[in-house]
There are 2 protein chains.
Amino acid sequence: MNQNTQPPDLVEPVGTAATPAFSPLYQQIKTLILQSLQGGEWKPGDVMPSEQDLAARFRVSQGTVRKAIDELAADNLVVRRQGKGTFVATHSERHIQYRFLRLQPDAGQEDRAERTIVECRRMRATAEVGRLLGLRSADPVVLVKRVLAFAGVPTILEDVWLPGIPFKGLTQEALSSDQGPMYAFFESEFGVRMVRAEEKIKAVAASAEAAALLGVEPGHPLLGVERIAYTYNDVPMELRRGLYRTDMHHYKNELS
Amino acid sequence: MNQNTQPPDLVEPVGTAATPAFSPLYQQIKTLILQSLQGGEWKPGDVMPSEQDLAARFRVSQGTVRKAIDELAADNLVVRRQGKGTFVATHSERHIQYRFLRLQPDAGQEDRAERTIVECRRMRATAEVGRLLGLRSADPVVLVKRVLAFAGVPTILEDVWLPGIPFKGLTQEALSSDQGPMYAFFESEFGVRMVRAEEKIKAVAASAEAAALLGVEPGHPLLGVERIAYTYNDVPMELRRGLYRTDMHHYKNELS
DNA sequence: CAGTGGTCTAGACCACCAA
DNA sequence: TGGTGGTCTAGACCACTGC
């Protein structure tokens, strides 16, 4: 057990030879809070209970809760606001929109994107799409194909695949009529919150179809960006394949 | 002053109307440690003084030093090793090599890179290179052009510009004979430690020269990666323009 | 075994916010 | 004014490393 006089009644992981498996208290607290987030006890944008309340609830000191929340904040799952409280992170906050979009204009401020849905239909997952989304092939998926234009210049063409079950009822009309980031729409309409993503980038030549939609000649070099976005617990919830024009934009990345 | 009975004799920033400028103690400690790192009091790979020692030196509690070091560790400036101490981060650690290279093979493990220096000469900075490196145009710079090949396939062609003053005495021979990451070489030979970097990525068509060096046809789509690498204090110390073949590799990025 | 970083607690006070 | 997160301290004990 841990070092306090009133030992918290949390699990002390049993050590085995292979996995010593010592898990600090604050990690266990983090997991518990994560489960509450996952289970929807507090929804995106909500205030969470204060550190004092959580400390009382979990029978640990405030400092331990604090460290757990620190990590959740570092993972962008939660946002702290001094004097107000801790809030569940959301993709619908103003001025932090398009958190996962790394494409930036070479000069000047970004215009608002003009969005056009090219296609939206339900289909069966191909073997590859199924594998990347953690589905069986032939499981239902939704495919959304859209174009984003900036200042009238079509710049991004992307195919978005979503698992059919959690996104049951997604229609082109709802998508088209929605303003704001797609991930905010997913939060409010389907309760699906994207937490992190991985991207693989290649340089590719524009196909005839892509060239037509993006207004370039076939063969024009484009950035091919494959993104897998995950919800809580590293469950993949979206596969997105984008083609980016980079004549006026670039993909920005910070390394450290 | 701060809340302890023995107030630490550190600066309490004066608040002005425009900038309230309250700076927590641990931030001041972080800055002081940063200055020691910058000044070379401890060199890459060295053990730093223990938290207790630093706490005594700065007249604060261990917890405050701890929080300062936590941030330095989060910035990858320092590495903690339980039971051993805190070490100044370095690019020459085995198995963490090429920390800033995001190119990965599509399948399998990466081979060791075969490196060929195509060119290495001193010149005067063009206006653009000077601007990006924070130099005046016509200031001396070193240009290194090299090719990296994996499993015999030339994959990366890059131009590296370095400010001439700190890199005085850099020769093609020294570069060629060195094994290991270039940034480790910079640390040991010139005392220059790259701390973070920014990259801007575009898709470009291979020029005739690039095509010849990379073994592709002219016009072949390549990833154009412009990197600016910084030392301590956000001072730019390297401009690197790379062309990456992405037929067998991809640029990997994690978003959160 | 001693020394290091890592965890946990308890209590105090500060900065910020809203009512 | 009271509540929230943010800072700081002091002290205890744990886990890991190396002598």
Side-chain angles (χ1 to χ4, degrees), chain A residues 1-13 15 19-31 33 42 46-74 78-89, chain B residues 1-15 19-31 33 42 46-56 58-74 78-89:
Chain A
M1 272 302 169
N2 292 282
Q3 316 67 335
N4 38 350
T5 48
Q6 282 285 46
D9 37 16
L10 293 170
V11 196
E12 184 68 10
T19 64
F22 159 76
S23 174
L25 242 193
Y26 74 87
Q27 280 290 358
Q28 302 178 38
I29 305 298
K30 184 184 175 186
T31 302
I33 296 177
W42 317 296
D46 284 1
V47 204
M48 293 170 48
S50 73
E51 297 179 350
Q52 285 294 358
D53 289 353
L54 289 172
R57 165 162 161 184
F58 297 127
R59 312 292 213 81
V60 297
S61 82
Q62 190 199 4
T64 300
V65 169
R66 174 155 265 280
K67 181 142 190 183
I69 295 181
D70 277 346
E71 294 211 345
L72 293 169
V78 128
V79 177
R80 324 187 74 138
R81 277 188 258 245
Q82 181 170 155
K84 300 173 83 173
T86 302
F87 297 76
V88 183
Chain B
M1 270 301 168
N2 292 283
Q3 310 74 331
N4 37 348
T5 49
Q6 282 287 46
D9 38 15
L10 291 170
V11 197
E12 183 69 9
V14 276
T19 63
F22 158 77
S23 173
L25 243 193
Y26 74 87
Q27 280 290 358
Q28 302 179 39
I29 304 298
K30 182 184 175 185
T31 302
I33 296 176
W42 316 298
D46 284 0
V47 204
M48 292 171 48
S50 74
E51 297 180 351
Q52 285 294 357
D53 289 353
L54 289 171
F58 297 127
R59 312 292 212 84
V60 298
S61 80
Q62 191 198 5
T64 301
V65 170
R66 174 154 263 280
K67 182 143 191 184
I69 295 181
D70 277 347
E71 293 210 345
L72 292 170
V78 127
V79 177
R80 324 187 76 139
R81 276 188 260 246
Q82 182 170 158
K84 300 173 85 172
T86 303
F87 297 76
V88 182

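Chain letters run A, B, ... following the sequence lines, proteins first and then strands; every chain starts at 1. From a predicted model like this one, the values you see are computed outputs, not experimental measurements. The figures that follow rest on heavy atoms only: side chains count, while hydrogens, waters and symmetry mates do not.
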Rounded interatomic separation in angstrom, taking [atom1] from [X] and [atom2] from [N]:
X	N	atom1	atom2	answer
K30(B)	dC8(D)	NZ	C1'	18 Å
K67(B)	dT9(D)	NZ	P	12 Å
Y26(B)	dC14(C)	OH	C1'	13 Å
I29(B)	dG6(D)	CD1	P	20 Å
F87(A)	dC17(C)	CZ	P	11 Å
F58(A)	dT7(C)	CZ	C1'	18 Å

If you measure from [atom1] on [X] to [atom2] on [Y], what distance do you get to the nearest 0.5 Å?
X	Y	atom1	atom2	value
Q27(A)	K67(A)	CD	NZ	9.0 Å
L25(B)	R59(B)	CG	CZ	13.0 Å
I33(B)	I69(B)	CD1	CD1	5.0 Å
K30(A)	S23(A)	NZ	OG	10.5 Å

Notebook entry, point to check: Under the side chain to side chain contact (heavy atoms under 4.5 Å, CB included) test, which residues partner R66(B), sequence neighbours left out?
Noted result: E51(B), D70(B), R80(B)
Margin query: Among residues at least two apart in sequence or on other chains, which ones pass side chain to side chain contact (heavy atoms under 4.5 Å, CB included) with Q82(B)?
Written below: none
Which atoms of nucleotides 3-5 of chain C (N or O only) lie under 3.5 Å from a protein N or O atom, and what are those distances?
| unit_1 | atom_1 | unit_2 | atom_2 | d |
| --- | --- | --- | --- | --- |
| dG3(C) | N2 | G83(B) | O | 3.0 |
| dT4(C) | O2 | G83(B) | N | 3.3 |
| dG5(C) | OP1 | T86(B) | OG1 | 3.3 |
| dG5(C) | OP2 | E51(B) | N | 2.9 |

Note to self: Can you identify which nucleotide, out of dA10(C), dT9(D), dT7(C), has its nearest atom closest to the V60(B) side chain?
What the structure shows: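 Within the option list, the nearest is dT9(D).
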